[in-house]
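Accompanying notes for the structure given below.
Any value given below was found using the heavy atoms of this structure, including those in side chains, with hydrogens, waters and symmetry copies removed. Each chain gets a letter, A, B and so on, in the order its sequence line appears, and its residues count up from 1.
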Amino acid sequence: MPVLLATDVLVWLLVAAAAGYALYCRRHAHLAAPWARVFRSPPAIASAVVLAFYVGVGLLDSLHYRPQLPQKADGGQKAYSVEVLSVLDWSLAHLRGRNEKTYSAPLAIRSFAREQVELPGGKIAREFPRLQFGGAHLAKEEHWASDVGWRVFKGLGFAAAILLAAAIGMRILRVRWPEVPWHAAVWALGGVLVLLMPALVLSGGYHVLGTDKVGNDVFYQALKSIRTSLVIGTVTTLVLLPLGIALGIMAGYFRGWVDDLIQYVYTTLNSIPGVLLIAASVLMMQVVIDRHPEWFATAAHRADAKLLVLCAILGLTSWTGLARLLRGETLKLSELEYIQAAHALGVRGGRVISRHILPNVAHIVIIAMVMDFSGLVLAEAVLSYVGVGVDPSTSSFGTMINSARMEMSREPVVWWALATAFCFMFVLVLAANLFADAVRDGFDPRVRVGALAKAAA
Amino acid sequence: MFAYIVRRVLYAVPILVGVNLLTFLLFFVVNTPEDMARMQLGAKRVTPEAIEKWKAERGYDKPLLWNAQAGGAGKATQTVFFQKSVRLFAFDFGASEDKRDIASEIGERMWPSLALAVPVFLVGLAVCVSFALLMAFFRATYLDLWGVVLCVAMMSISTLFYIIGGQYLLSKLLHLVPISGYQGGADALRFLFLPVFIGVVAGIGASSRWYRTLFLEEMGRDYVRTARAKGLAERAVLFGHVLQNALIPILTGVVAVIPLLFMGSLLTESFFGIPGLGSYTIDAIQAQDFAVVRAMVFIGSVFYIVGLILTDISYTLVDPRIRLQ
Amino acid sequence: MRVILIPVLFLCGCAEVWNDPYPASDRGQRVLYSVFSERPKHLDPAQSYTTDESQFTMQVYEPVLQYHYLKRPYQLIPNTAAALPEPRIEQRGGETVSVYEIRIRPGIRFQPHPAFVPANLALDRRRVDALESPYQLPLGTRELTADDYIYQIKRLAHPQLHVPIFGLMSEYIVGLKAYAAALKAAARPGEWLDLRQHPLPGVERVDAHTYRVILKGRYPQFQYWLAMHFFAPIPWEAERFFHQPGMAEKNFTLDWWPVGTGPFMLTENNPNSRMTLVRNPNYRGEPYPSEGEEGDAAAGLLADAGKPMPFIDRAVYTREKEAIPLWNKFLQGYYDSSGISSDNFDQAVRISLEGEPGLSPEMEANGIRMETSVEPTVFYLGANWLDPVVGGAMGGADAERARKLRQALAIAIDWEEYLQVFANGRGVPSHGPIAPGLFGYREGEHGINPLTHEWKEGKAVRRPLEAAKKLLAEAGYPDGRDERTGQPLVLYLDTTTRGPGDKALMDWWRKQFARLSIQFEPRQTDWNRFQEKLRKGNTQLFMVGWRADYPDPENFLFLLNGAQSRAKTQGENASNYSNPEYDALFAQVRHMANTPQRQQLIDRMVEIFRRDAPWIGGFHRKTFGLYHGWLGNVKPNEMSDNKLKYLKVDPERRAAMRLAWNRPVLWPVLLGMLLAAAAVVPAWLAYRRRERMAARPVPAAGA
C-alpha cells in the first residue's frame, strides 16, 4: 500500500518545480546565461555530480509504502503492517534486515565484543563470536582477504564499466555544450563510483562500515540519513522563500508603516537568541503533535510530521536575513527611473512588483537558496545533538553523531560510526558549499548571504 | 547623535515587549504552570494541594494573559504575563523557580562565559585576519588556492566534530589539558586552552574566506593601483593601505557581536562543563525554569539591540560622511 | 604564540601532570573527589527528596537513626539517639496511638555556624550585601537538644515549604493537618514564622534530650522515616539567621546552606560547578562499626573498627553533566569512584564463565575494584487497568480475555534479553513486585513466577513462546488477529522521549510484539505529557519505575493497592490495578511485623498479582560501582546516604597513580610544529618572488 508522507509530497513538488524552472530557463536566454556561467566552473560540475548522487538516494528514500502482512490461509481481509518502508529500504533490504547483536568493525566477520560461546566439546569459552551475517558466506575465515579483494575488484570493474559508458556519453554532450568542463564531471563521477561500487558489492556479504551498538548496519544508516539532511536543506527554503520574498519586497516597496511593521517583526525575531527560539518552537510543536496521536496513522507519519515541523520552524526563524537583503535591494530598485516612470503611468503596485522588481531580485533569491543549504544541514546536526531536532526514530547525521559520541570513550575506540557520519556529512556540505560558490559567482559575486551558517555555529 | 541614540533606545521598548510576549507564548503553549510545578516538585508523592501551593507562591495561580474576573484595568494587569513582565523591564529578574536569585547567578556565571568568549573572539579575529591577509598577499598563486580550499573544507565540518575530535585528541590521548571543568583565577588557563583553541579553529574557515574577499575587493580599488604605481613594495601596499581600509567593514561587522559575547556559547560550555551563561540557559530549558529562560532571552535581546546601536555609531566613527539622524 | 609555547613545553618537564582539574594546593591531601550530575534543587531536609540531594544533606544532617553500614539485611541502629525507640501503644481520647519516645545522646554539638552567634541574628543590610559566604561571619556552636528535632517536625507543616511527605505524615502525626492550617493563618508575608511559639500536639518535649512523637494508630514503618533527613534536627537560629533581609538575594538560605551536627559541613556551595564538604571540627567522632557481615573482615572492611570517623578532611563534588568526561576523568584518576555506563561496560567488566560479572584485567591491573548490589527498585511494563483491551476494570468475559492477553505478553516479552541488550545484564527480571533483599521476597525455585518461568537445572527459564501463543489464541487473538473482526491487534506503548537511543529501544519492543504477530505502535511524548496521561488514565501499556523509601515490602505492595490508583486518587498505583482480595490482604499486611504469618499473606498477594498480571513483567536494577584502589572501606549500601564518613583515601598512592596514568604526550605537538615550520618555506619563497614583481593584476573577488 503506497504511503504519501507530507515531506514526500513536498520533496516531489520541489523536484517538479526544479524541472519546470529548468525548462523555463531553457526558453529564456537571459535566465539561462548565469546558469551557463555556473556550469563553466569545474568545481561546480564536480560538486553537482556528487550532489546528484545524494539527491538520488534521497529521492529513492522518498517513495514510501506499507508492506502487506502475510495473508491468512482462509483469505481474510488484506492487512498492512504499521511499519512504513521506502523504495530505498526495499532495495537495501539485505542491509536493513541483517542486524548483528552489537558493534562490529567495518568488514569484520567477528564481533567486536567478547561473548560466551559453547565449544563443540561442550566446553564454554569467551571469545569474539562470528557475526550472524557479516562474512557468514565464508566457509573458512582465511578466505576473508581473497573474498574482500575479489569483491573490491568486482566493484571496481563495475565502476570502470559505468565510467567508460559515461565518458563516451560525455563526448556526445561535449559536442552539444562545448564550454562545459566535462572532464571535471568524469573525474567526480569516477571518484564517487570508485568508492560506491565496491562498497555496494561488499555490502552484499559484509557490513562495509561496521555496525552500531544494537547491531544496525552503519552504511545503511548513513544512506538513510541523507534524506533527512536533504529535506531539511530544501523544504526549509520552501517555507523561507515566500515569507522572505513577500515581506522583504513589501517592506522595500511600500515603505511607510508597512516597512516599519515588517522591520519590527524581523528585528524582534532576530533579537531572540537563535537556538532558544528554535528550541522553544520545536518543543512547542512536539507537544501539539504528542497531544494528538489520532492525527497520525503510524509512527512514521508522526516522525515525518516532526521533521516537517522542524523545517517549518527553521524557515520561520531564518527568513529575516533574506527579507533584509531584498528590502535593501527593492529600496534601491524603486528609486530607478523606469520604476518611477511606471508609477507615473499609474501602473498598480502588484504589477510593478511582479514585472519589474521580482525578476530583478530573483538572482538574490537563488543565491540565498543554495547558500543556505549547507548551513541548514549543519544546523540540523547541532539541533538533533542538542535534542530539539528530528524525531529520535528518524535517521539523521545529528542523531548518528549523538549516539556515536559515547563510543569515543570506549577502549578500544569505536570510530566507524562517527567517522561515517563525518565523511558523509563532510562530502555533502563541501559539495554544497562549492556549488553555492559557483552559483554566487555565476549570478552576482557581490551578494553576501550567510545568515544561517552563523546561527548554527 | 545623542538624540539619535535616545530614539533608538526608545525604539527598543516595543521590540522588547514583542520578544517578551513571544517567549511567554512559546513557553506556555508547551508548559502549563501545573507542568512546571510537577517538574519542580518531582515525581514521588505529589499531591494536588502541593501543586496549588507552588503555583500560588510563584504567582502562577492567575490567568495567563487575560483575567476575565478582575475589574477594569485588572483584566490585563492581574495576569501572569503582566505581573512577570513589568519587573523585567526594571531589570529585576527575581528568583528562579527553585528560588535562587537570577541576578546574582548571572553575575557569577558571566565571568566564565566571558573568559571563554572574549579570547575566542579576539584570537579568532587576529588569526582570521592574518590568514586572510596572507591569502590576499599570495593571491593567484597555489598558496592562495590551497588556502581557499582549506577554508571551504574547514567550514564544511560540523562544530560537533571539532569539539569531539579536539577533546579526544588533546585530552584523552595526549593528556595535555583537563577534559572538562573550570576553575577561577590562574587555573582557568588550563581549562580554557582547549575550548578556545577549538572555538578559534572552528571559526577560521568562514571568516578567513570572507575577510579575504574584502581584502581583494579593496585591492582592486584605484588608490591601491596608484600606490603601486608610485613604486611602493607589495608589503607596504598591503599593510599600509589595504589592511587599514578593509578593517573598516570587518570591525563594523563584528561590533554587533561584541555585546552578545556575554551570552556565552551553548555548545562549547555544555561540552566542556564551563559554568557560564550558555549552560545556564540550556539547563533552564531542560528544567523548564521559565523565570530563567525569560531573563536570558530578555538579556539576549537587549544585547542584540545594543549591538545594532553600536554598529551604527561605529559607522559614523570610521566614516565621518555618514550622519546619524 | 608558537614562540611562547615551545619554551613552556620544555620548562614544564614531565614530572608533573598537566591535566589535573584540581588546584595544585590540593595534592597530597585527604580529599575525596566525587561528582554530581543534577544540580540539587533543595538542601533543606524538609524539602529535599532525591538521592542527588541527600548525598549532600545526609553528610550534614543527622537523623536520630541510621542503617548499619555493613550488616545485611538492612538494619536500623541509633545515630544520635541513645537507643532504638520502641513504640508504646496507648489509648488517648478514645483512639489508639503509638508513642515513640526518643532519647538523644547528650553532648553533641552543631557545626560552627554564624547563626549561633547572637550578634549575627541582627545584621546590617550592608554587611549582608558585602558577604561572599555566610562562613565569613564569626562562627559559634551550641549543644544539640530535643527542641531541634521538634522544630523540624513542626517544619513539616510549614506554609512556605514544600514538604513531599506532608500528605503522608499528616495522616499519622497527631494534629499535623490542623497545625498546618493554624500556621497558614499565623504566617505574615515577609516575616519569620517562629514555630517555637506554636505548639504541635503530636510532639512532646520531655526534657532537653528527650522528645515523643505521637502517631495515630499503628505505623511500624515510622522507624524507617526516623532515619531520613525529614526527621533531622534544625536549630531555630538557622532559620532566623537566613531570614534576615538581603540574605535571599545572595542565595543565602537554609535551602542552600545546611546547618547540622553531622561529620561534614558544606562550606562551598556552587551548584553549577562545585560543592565542597569539609570535616566538621565539632563532630562527636562516632566510632567505625566493629561488626559486619560474613566476609567483611576478610575484605578489610573491619580494619578501622572502633576508630573515630570521619577519615577524610574534605570531599569535593564536581558537576559533570556529560558521561564521557566523567568516565575519562575516572580512568585518569581524578574521580575516586564511578558508575559504569553501558558504553564503558565491556571495557570495565568481564562476565565470567559462570555468568558472574567481574572486573576486566586492564582495570584490575590499575587497582580498580568493583562492587555490585541490587537496588530496592522495580521497573515494570504496566497495563492500564482502565483500558478496554489490556485492562481489567470492565469485568466479565472481556476481562478474562484481557487477562489471557496480559499473561501471553508476560511470557513473550523477554526481559532477560532486555537487560542483556540495554543494561549489560545489570538487573534481575522481576517475578513479583518486591525487590530482592527485602522481607517478603522469595529466592530460588519458590520465588519464580510459574506463569512465565519454569525451574530447570537450578535456574529460572522463560516458558516457550508456544505457551504465549496458546494463551493469545484463548484470548481471542489467534495469530495476532482479532477473531471477531479479523483486524490485526495493535497495542500501544506510552513512553517518554529520551534521545537517540530510543530508536533501538523501540525496535526491540516491536520485535517482542512481532513474536506474537501483534502490531506495535509506540506513543512517545515528553515527560510532562506522559505523566499527564498516567494521571488521566489515558495509557495502554507504559513503562515506569519505583525506588523504595525504606526496606519494607509495604513500600512495594502499596503500588498495587486500589486505593492508591493514579487516575482516581492521584496515588502511586500507576496501573490503576484494583482487586478487592488484594486490597483486603494489603490492609492486613501493611502494619504487621515481619512474622512468618506476614510472609504467608504476602505470598498470597504475590500469587494474585501474578495471575492478574497488571504488570507485564519488569526488572530490579543492579548497580555496578567502580572504586580506585586508594579508596578504602567501600561497601555499597542502597539504604543509607551518610556513607561519606566511613570512607578513607590514600593520597600518596593516588598521586603516584595519577602521575603514572597522565604523562603528557608531546611528540605529536612537536611534529605539528615542525610541519607548520615546514609550511613556512614555500610561503617564504613565494613571498620573495612576490616582492620582486609588483603590480600584478587582481583576480576576481570570489573563487
Let's test your reading of the structure: which of B/L266, B/V19, B/I305 forms the most heavy-atom pairs below 4.5 Å with chain A? B/V19
Under 4.5 Å, counting heavy-atom pairs only, tell me which of B/F303, B/F298, B/Y11 racks up the most with chain A. B/Y11
Under 4.5 Å from any heavy atom of chain A - which part of B/L308: side chain
Please classify the contact of B/A202 with chain A as side chain, backbone, both or neither, using a heavy-atom distance under 4.5 Å. neither
Side chain / backbone / both / neither for B/I282 at chain A, heavy atoms under 4.5 Å: side chain
Cut-off 4.5 Å, heavy atoms of chain A, and the answer for B/Y162 is neither
Let me know if B/L22 has heavy atoms under 4.5 Å from chain A in its side chain, its backbone, both or neither. side chain
With a 4.5 angstrom heavy-atom cut-off, is it the side chain or the backbone of A/S374 that approaches chain B, or both, or neither? neither
Could you pull out the closest heavy-atom pair between A/F422 and B/I157, with the gap in Å? CE1-CG2, 3.7 Å
Side chain, backbone, both or neither: which part of A/L269 has a heavy atom under 4.5 Å from chain B? side chain
Within this structure, what is the CH2-OH distance for the pair A/W415 and B/Y168, rounded to the nearest 0.5 Å? 11.5 Å
Less than 4.5 Å to any heavy atom of chain A: does that hold for the side chain of B/L26, its backbone, both, or neither? both
Backbone N/O of A/P273 and side chain of B/Y304: donor-acceptor pair under 3.5 Å: no
Can you say whether B/F28 sits under 4.5 Å from chain A via the side chain, the backbone, both, or neither, judging by heavy atoms? neither
Atom pair OG1 (A/T268) and CD1 (B/I15), whose distance is rounded to the nearest 0.5 Å: 5.0 Å
Most heavy-atom pairs under 4.5 angstrom with chain B, which of A/L434, A/N270, A/V413, A/L428? A/N270
With a 4.5 angstrom heavy-atom cut-off, which part of B/S158 approaches chain A: side chain, backbone, both or neither? both
Under 4.5 Å, counting heavy-atom pairs only, tell me which of B/G307, B/S265, B/P14, B/G300 racks up the most with chain A. B/P14
Out of curiosity, A/N433 CG to B/R209 CZ, how far, rounded to the nearest 0.5 Å? 6.5 Å
